[in-house]
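Following: one structure in structure tokens, then a few remarks.
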Amino acid sequence: MRGGLGRALVVTCAVLAVLVASACAFPVDGRAIAGPEVTAGTDPSFIGGTNGGEEDRLAAATLRDLEGFWGEAFPPLAGGQPFRPLAGYYSVDPTGRNAGPVPCLQSPREVEGTAFYCPRSDVIAWDRTQLLPQLRRDFGDAAVVVVLSHEFGHAVQGRLDRTGALPGAPTILLEAQADCYAGVFLRRVRDGALPDLRTGAGGIDGAMGALIGFRDPVGTSPRNAQAHGNAFDRVSSFQDGFDGDPAVCAAMGTDRVFTQQAFRSQADESSGGNLGLAPLIEAMVPDLDRWFGEEVRRRGGQWTAPTTERGQAQCPGVDEPVQGPVAWCAGDAGGPSSVHIDTTGALPGDHARIGDYATGTLLASRYGAATLAALGRPTTGAEGGRAALCLAGAYSAAVGTTNNAFALSPGDLDESVTLLLREDFPSRGTDGVASAGTGYERIRVFRAGVTGGSDACLRGV
């Protein structure tokens with residue numbers, strides 16, 4: 001956020017082979033790690049350099065299902081042409097304790113901490129000693145699935161590009177399309193439509209957590225030759241695929257809008273685009289009042305700016321802070337409403353840890369609740385929470401589009417999706433009832449506001 005007017009997932013290098021049959025389904029969860037009793041029936045021997053461990057058995061089950069899925073999904077995209085299996089897969093120990101060379105690598109150290117698809121050799125390779133174990137620890141087994149399905153998406157691109165699908169596309173668009181293809185595949189995993197992989201809502205949130213972790217460094221220009229996308233853009237592409245089909249991903253073109261941007265000033269870059277908690281509140285509250293007030297008045301309602309109270313996020317007469325660290329409270333006896341901000345509890349720490357627009361998203365959602373009240377709409381329950389969160393997205397898209405002293409910084413929308421993946425506070429009605437139990441759904445509702453504006457929020461999401 002500024003006052004005044006992951007590391008990227010590596011995918012441009014290649015490998016793959018036809019998979020052998022396996023006898024058991026492999027559960028993929030968001031946080032839990034599948035044990036040896038589940039993976040025992042998966043044979044990873046078709047993977048070059050495998051040590052036969054759990055990570056490679058998970059990779060083997062994933063790759064087998066990917067080949068089966070794209071064997072059916074590819075021909076309709078390619079005018080009936082069959083999907084040609086990749087040339088190989090390679091599990092790499094970057095310390096050099098691999099059996100034999102790996103195509104596209106001069107040294108095994110080149111794959112350290114990454115996974116990649118190399119079009120020259122048509123192979124996928126990954127670091128099994130650091131990357132896959134860390135993904136499982138941090139995000140669960142589904143993180144491995146989303147990484148490998150993203151890389152597989154690049155192999156799909158290469159086969160479609162021979163028909164002129166994405167001539168001269170920028171890197172960020174190719175990465176977005178691969179994220180979209182990964183979303184399509186993870187939807188099939190979630191739906192139980194594949195032979196080997198299974199997951200639930202927690203697995204999908206874990207997969208999105210991995211994508212957020214692999215976002216570009218804040219301030220990377222979308223025109224950068226290595227740009228892969230910020231967290232908001234990567235999650236958006238994944239959700240487009242998850243909610244759509246392969247044709248939706250294949251139809252992505254150069255008209256796709258990305259929110260990623262470079263820093264516009266040295267001052268913004270030096271601060272990482274973050275204001276402290278108190279300066280953020282001081283800068284943002286007048287802008288929230290302006291924008292939400294205009295939204296109410298243009299719909300024929302009357303707007304009175306809420307007062308701002310700092311200390312405890314608890315409404316008078318309510319036993320506990322059910323809305324989270326920021327709460328909107330209706331006024332008594334016709335008096336003004338108020339927004340209460342917990343400046344003494346967890347909010348300052350989260351503000352510093354996630355970034356200033358995590359707090360900004362909380363504030364915007366509570367002003368969304370004030371807007372609903374001013375328009376005579378419900379502020380409680382799932383309906384109220386959903387509309388308030390959507391309005392926070394609509395506000396976020398509009399910030400900085402008028403001549404005012406407040407604008408978003410490059411990392412702000414990333415901070416929104418990071419918060420929404422972890423917490424349900426911005427999706428709560430004023431009675432504390434959350435509109436969605438998953439990070440996926442909360443991000444989807446927020447995105448509906450970003451892309452569709454306030455009209456989409458007040459029509460229903």
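Asn274 and Tyr357 are not linked by any side-chain donor-acceptor pair at a separation below 3.5 angstrom, with hydrogens and angles left out of the test. His154 and Gln157 are linked by a side-chain donor-acceptor pair at a separation below 3.5 angstrom, with hydrogens and angles left out of the test.
Taking the ring centroids of Phe152 and Tyr181, they lie at or beyond the 6.0 Å cut-off.
You'll find the side chain of Thr359 stays beyond 4.5 Å of the side chain of Ile341, heavy atoms only. Using a 4.5 Å heavy-atom threshold, the side chains of Leu173 and Met252 count as touching. Between Pro195 and Phe69 there is no side-chain heavy-atom pair separated by less than 4.5 Å. Considering only heavy atoms from C-beta on, Asp356 comes within 4.5 Å of Glu415 through its side chain. Looking at Gln134 and Thr129, their side chains never come closer than 4.5 Å, going by heavy atoms from C-beta outward. Counting only heavy atoms from C-beta outward, the side chains of Val111 and Phe116 approach each other to under 4.5 Å.
Between Arg353 and Asp350 there is a salt bridge, since a side-chain N of the basic residue sits under 4.0 Å from a carboxylate O of the acidic one. One finds no salt bridge joining Arg442 and Glu423 here, because no Lys/Arg side-chain nitrogen approaches an Asp/Glu carboxylate oxygen to under 4.0 Å.
Checked by atom type and distance alone, the side chain of Asp65 never pairs as donor or acceptor with a backbone atom of Leu194 at under 3.5 Å. Checking side-chain atoms of Glu110 against main-chain N and O of Ser107 turns up a donor-acceptor pair under 3.5 Å. His150 places no side-chain N or O within 3.5 Å of a backbone atom of Val145 that could act as its donor or acceptor partner.
The side-chain hydrogen bond (donor to acceptor under 3.5 Å, both in side chains) test with Ser91 is passed by exactly one of Asn51, Asp56, Thr50: Asp56. Just one of Asn230, Asp414, Val235 meets the side-chain contact (heavy atoms from CB on, under 4.5 Å) condition when paired with Ile212; it is Val235. A side-chain hydrogen bond (donor to acceptor under 3.5 Å, both in side chains) with Gln239 is found for exactly one of Arg187, Arg234, Arg447, namely Arg447.
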- Item | Pair Phe242-Tyr440, ring-ring contact (aromatic ring centres under 6.0 Å, His included): steps then yes or no | CA-CA 10 Å; Phe242 191 89; Tyr440 184 96; 4.9 Å; yes
- For Thr371 and Glu295, run side-chain hydrogen bond (donor to acceptor under 3.5 Å, both in side chains): C-alpha distance rounded to whole Å, both residues' side-chain angles, the deciding distance at 0.1 Å, then the answer. CA-CA 8 Å; Thr371 296; Glu295 290 297 311; over 6 Å; no
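Taking the ring axis of Phe83 as reference, the NZ or CZ atom of Arg159 stays within 45° of it and closer than 6.0 Å to the ring centre.
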